[in-house]
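Here is the structure we will look at, set down as structure tokens.
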Amino acid sequence: MAKNITSRDKDYAQWYLDIVKEAKLAEHSPVRGCMVIRPNGFALWENMKSVLDGMFKDTGHENAYFPLFIPKSFLSKEAQHVEGFAKECAVITHSRLASTEDGVEVDPTSKLEEELIVRPTSETIIWDTYKNWIQSYRDLPILINQWANVVRWEMRTRLFLRTMEFLWQEGHTAHATKQEAVDETIQMLNVYRDFVENYMAVPVITGVKTESERFAGAEDTYCIEALMQDGKALQAGTSHFLGQNFAKAFDVTFQDKDSTVKHVWATSWGVSTRLIGGLIMTHSDDDGLVLPPKLAPVQVVIVPIWKNDEQKAAVTEYGDKLLQELKSAGIRVRFDDRDNYKPGWKFNQYEVEGVPVRITIGPRDVENNKAEVARRDTKTKELSERTEILAKVTNLLEEIQSNLFETAKSRREAMTHTVDTYEEFKQVLEEKGGFIYAHWDGTPETEEKVKTETKATIRCIPLEGDKTPGTCMVTGNPSAQRVIFAKAY
RNA sequence: CGGGAUGUGGCUCAGCCCGGUAGAGCACUCGCAUGGGGUGCGAGGGGUCGCAGGUUCAAAUCCUGUCAUCCCGACCA
């Protein structure tokens, strides 16, 4: 039925690309590694953004905007930070073009005195700014978020999952005490978990990154990790406790109540359009995109059927009333009464685009006061009394939302394994994939060895669950608790 | 930056080996029929064959150069 979509069994990577294309979410742009986000994809992003933005405001944050360009010298102030991002920065060297016979070329006389970096993230320019805003403990905390685009010069890209330019939000906060900053880091991690699980219906594990996976410049990086249908992990969001690293690098100090001058404590946290990739890979099937009702740009579509003008008039009137009824109940509904596409074509189109609920109405329904209600997740449909439609649809949207989450969660459980030996580890990784809980001695060397030999990395040291100590599966040295290994996107 | 491949209507590609007036499918436009799961039939519009040079009476096709893109590997939210 879905003739343009490769099945997941056959080629998972191609299936993903087909979904993105057929659901009209995004496409490759003329610029290598960058994408055009199409209206369907952007509407989804706008819904995600709107929910998250509300959550940020509810936890006391304000939005602001900092420049796209960062003076080169700023980036070199925090040693770890430079090292982390140096290899993937776009650099602006000139400010002008000059006309030539064939078009234009860079005007060599316009070379910049200090080159500008297109932000890969904004810590540096933000901390340079905060320095001027903070003198006293009375100026703290500063709780700011910005919605922006950033650029990281990646070698290999994939639509939504890794592009050279992407959209995201980055929160940057400054605090008087370490505890307050740590609390903020954890609070935002929980905000992300709440959003991803309760709105995106994607189950996640919260954890701490190991040293090698940590954000450049952070003391601790907390993360939410999701598991995709193909058994690979996806980092869905990160929240960093930055300690006093940036405060020291940018000399951000305040005079405390006790009159002494101290460096401030910092956090930063972000999620990006990558979440859309995670959403697709968690719920969609071989027939197309599947969207959770809470974020779907269109939650319900009404498809009419008629053969002649007389039927058209009756069905349209019936449909319009239904449209108004659902709309006034706050449901995002579309009545697709276009006459230039066939009903069958529309069924397939909305299925591919992932609309959670479809209502079909034809002459027979008008006559009998009924309608056919179909759900996208299970692909089942049933005839409903006209008077019961609103209640049924409202109920169905909630049911689909929780069904998607539960299905994803059971799939994750089924793909989560616990191993005790390295042999067993390799075997499970090879044959099953998924999350693998194993003991690790805590050293970067062991982590690196596993990565080189198996391509699996430590996704996180989970915050919840079993904390029993043991011995490292590779070296036999003591291990504080099991950590999660997986191959990752 | 190493290894492999490809550039031909909007898209996917055939044609190239063996030079002879540019093709198919999909998409698009128009008409008629159709309409409860991608509808059928008919008519039509649209291409500097990546770019530059060369060989030839004649180049999408042969030769040289060049540019671009894609896939695989080293880096990553």
Side-chain angles (χ1 to χ4, degrees), chain A residues 1-5 11 13-14 17-18 21-22 27-33 83-89 102 119-121 148-158 160-170 192 209 212-216 218 221 223-226 233-240 268-278 287-288 303-309 311-312 315 337-353 358-368 370-374 376 379 381 383 451-452 455 457 459 488-489:
Chain A
M1 201 174 289
K3 58 183 176 186
N4 297 323
I5 299 173
D11 185 344
Q14 189 57 47
L17 289 172
D18 289 345
K21 183 183 172 201
E22 295 298 321
E27 62 192 31
H28 285 106
S29 74
V31 186
R32 187 189 77 84
E83 214 175 297
F85 287 104
K87 285 169 288 183
E88 48 188 80
C89 288
D102 310 322
R119 63 179 167 220
T121 178
N149 58 337
V150 286
V151 169
R152 297 183 187 174
W153 211 264
E154 302 289 350
M155 295 177 184
R156 276 192 73 191
T157 58
R158 296 188 67 187
F160 291 116
L161 297 172
R162 173 164 295 107
T163 47
M164 296 222 301
E165 178 191 12
F166 56 94
L167 305 182
W168 78 343
Q169 57 70 216
E170 46 181 327
Y192 287 155
K209 287 291 186 187
S212 65
E213 298 276 327
R214 191 184 294 156
F215 173 73
T221 289
C223 62
I224 48 173
E225 292 282 328
L234 182 80
Q235 178 175 305
T238 49
S239 183
H240 315 289
S268 70
W269 27 274
V271 294
S272 72
T273 37
R274 167 179 253 204
L275 284 177
I276 296 174
D287 295 319
V303 177
I305 292 167
W306 56 67
K307 290 183 188 174
N308 52 49
D309 284 348
Q311 291 182 348
K312 179 176 175 177
V315 171
D337 59 355
R338 289 178 297 177
D339 212 357
N340 48 1
Y341 286 98
K342 316 289 295 182
W345 185 91
K346 292 176 187 171
F347 293 167
N348 281 279
Q349 191 57 35
Y350 289 112
E351 202 161 281
V352 169
E353 291 181 19
R358 186 194 72 227
I359 300 176
T360 309
I361 50 172
R364 291 204 297 267
D365 302 304
V366 175
E367 198 175 323
N368 303 326
K370 292 184 190 290
E372 183 193 80
V373 180
R376 174 65 182 85
K379 303 202 67 180
K381 52 190 179 187
L383 217 50
K451 186 180 177 181
T452 313
K455 288 187 176 169
T457 50
R459 299 321 303 152
Y489 274 98

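Keep in mind the model is a prediction, meaning the values are calculated, not measured. We name chains A, B, ... by the order of the sequence lines, and we start the count at 1 in each one.
- A/Lys370 NZ: more than 12 foreign heavy atoms inside a 6.0 Å radius.
- Atom P of nucleotide B/U69 and atom CE of A/Met155 are separated by 16 Å, given to the nearest angstrom.
- Taking the six-membered ring where tryptophan is involved, the planes of A/Phe166 and A/Trp168 are perpendicular, since the angle between them exceeds 60° and thus also 30°.
- Taking atom P in both B/U61 and B/A43, one finds a spacing of 33 Å when rounded to whole Å.
- Separation of the C1' atoms belonging to B/C51 and B/G7 is 11 Å when rounded to the nearest angstrom.
- Between A/Val315 and A/Pro304 the shortest heavy-atom distance is CG1-CB, 3.6 Å.
- Between the C1' atoms of B/A22 and B/G40, the separation comes to 30 Å (whole Å).
- With C1' as the reference atom, B/G10 and B/C18 are 33 Å apart, rounded to whole Å.
- Nucleic acid contact class of A/Thr163 (heavy atoms, under 4.0 Å, all strands): base.
- Between A/Glu351 and the choices A/Arg376, A/Lys379, A/Lys346, the side chain to side chain donor-acceptor pair (under 3.5 Å) rule is met once, by A/Lys379.
- B/A77 atom P lies 15 Å from atom OH of A/Tyr192, rounded to whole Å.
- Comparing B/U66 with B/G3, their P atoms sit 16 Å apart, to the nearest whole Å.
- Judged by distance alone, the side chain of A/Arg152 and the main-chain N or O of A/Met164 form no donor-acceptor pair under 3.5 Å.
- Counting atom types as modelled, A/Lys381 pairs a side-chain N or O with a base atom of B/G37 as donor and acceptor under 3.5 Å.
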Using a 4.0 Å cut-off on protein heavy atoms (strictly under), produce a 5'-to-3' string for nucleotides 27-36 of chain B with B for base contact, S for backbone-only sugar-phosphate contact, and - for none.
-------BBB
side-chain contact (heavy atoms from CB on, under 4.5 Å) between A/Glu213 and A/Thr221, intermediate numbers included:
CA-CA 8 Å; A/Glu213 298 276 327; A/Thr221 289; over 6 Å; no
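- Comparing B/G50 with B/U29, their P atoms sit 28 Å apart, to the nearest whole Å.
- What separates CG of A/Leu234 from P of B/A77 is a distance of 11 Å, to the nearest Å.
- Using a 4.0 Å heavy-atom cutoff across all strands shown, A/Leu161 reaches at least one base atom of the nucleic acid.
- Rounded to an integer number of Å, the gap from A/Phe166 CZ to B/A77 P is 9 Å.
- Look at CG on A/Asp11: it is 12 Å from C1' on B/C71, rounded to the nearest Å.
- Comparing the P positions of B/C49 and B/U21 gives an interatomic distance of 15 Å, to the nearest angstrom.
- When distances run from any side-chain atom of A/Glu351 to the nucleotides B/A77, B/G37, B/G73, the shortest one goes to B/G37.
- Between the NZ atom of A/Lys21 and the P atom of B/U12 there is a distance of 7 Å, given to the nearest Å.
- A cation-pi arrangement, defined by a distance under 6.0 Å to the six-membered ring centre and an angle within 45 degrees of its axis, is present between A/Arg358 and A/Phe347.
- Using P as the reference atom, B/A60 and B/A52 are 13 Å apart when rounded to the nearest Å.
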Show, in sequence, the C-alpha distance, side-chain angles and deciding distance for A/Thr163 and A/Glu154, and conclude whether the side-chain contact (heavy atoms from CB on, under 4.5 Å) test is met.
CA-CA 7 Å; A/Thr163 47; A/Glu154 302 289 350; over 6 Å; no
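- Residue-level contact check: A/Tyr489 touches neither bases nor backbone, having no heavy atom under 4.0 Å from any strand.
- Using bins of under 30°, 30° to 60° and over 60° for the plane-to-plane angle, the ring pair A/His240/A/Phe215 lands in the parallel bin.
- Using a 4.0 Å heavy-atom criterion, one finds that A/Arg358 contacts the bases of the nucleic acid, with or without backbone contacts as well.
- Rounded to whole Å, the distance from CD1 on A/Ile359 to C1' on B/G37 is 17 Å.
- Residue contacts shown for A/Glu154 include a base, since a base heavy atom lies under 4.0 Å away.
- Regarding contacts with the backbone of B/G73, a side-chain N or O of A/Arg156 is found under 4.0 angstrom from either OP1 or OP2.
- Not counting sequence neighbours, the partners of A/Gln235 by the side-chain hydrogen bond (donor to acceptor under 3.5 Å, both in side chains) test are A/Lys209.
- Judged purely by distance below 3.5 Å, without hydrogens or angles, the side chains of A/Arg119 and A/Thr121 never pair a donor atom with an acceptor atom.
- Regarding A/His28, its NE2 atom lies at a distance of 12 Å from the P atom of B/U12, rounded to whole Å.
- Summary of the strand contacts: A/Gly33 and A/Glu165 both lie near RNA chain B, and taking for each the nucleotide with the nearest heavy atom, the more 5' one is attributed to A/Gly33.
- In RNA chain B, stems built from 3 or more consecutive Watson-Crick or G-U wobble pairs, each with both distances under 3.5 Å, span B:1-7 with B:67-73, B:10-13 with B:23-26, B:28-33 with B:39-44, B:50-54 with B:62-66.
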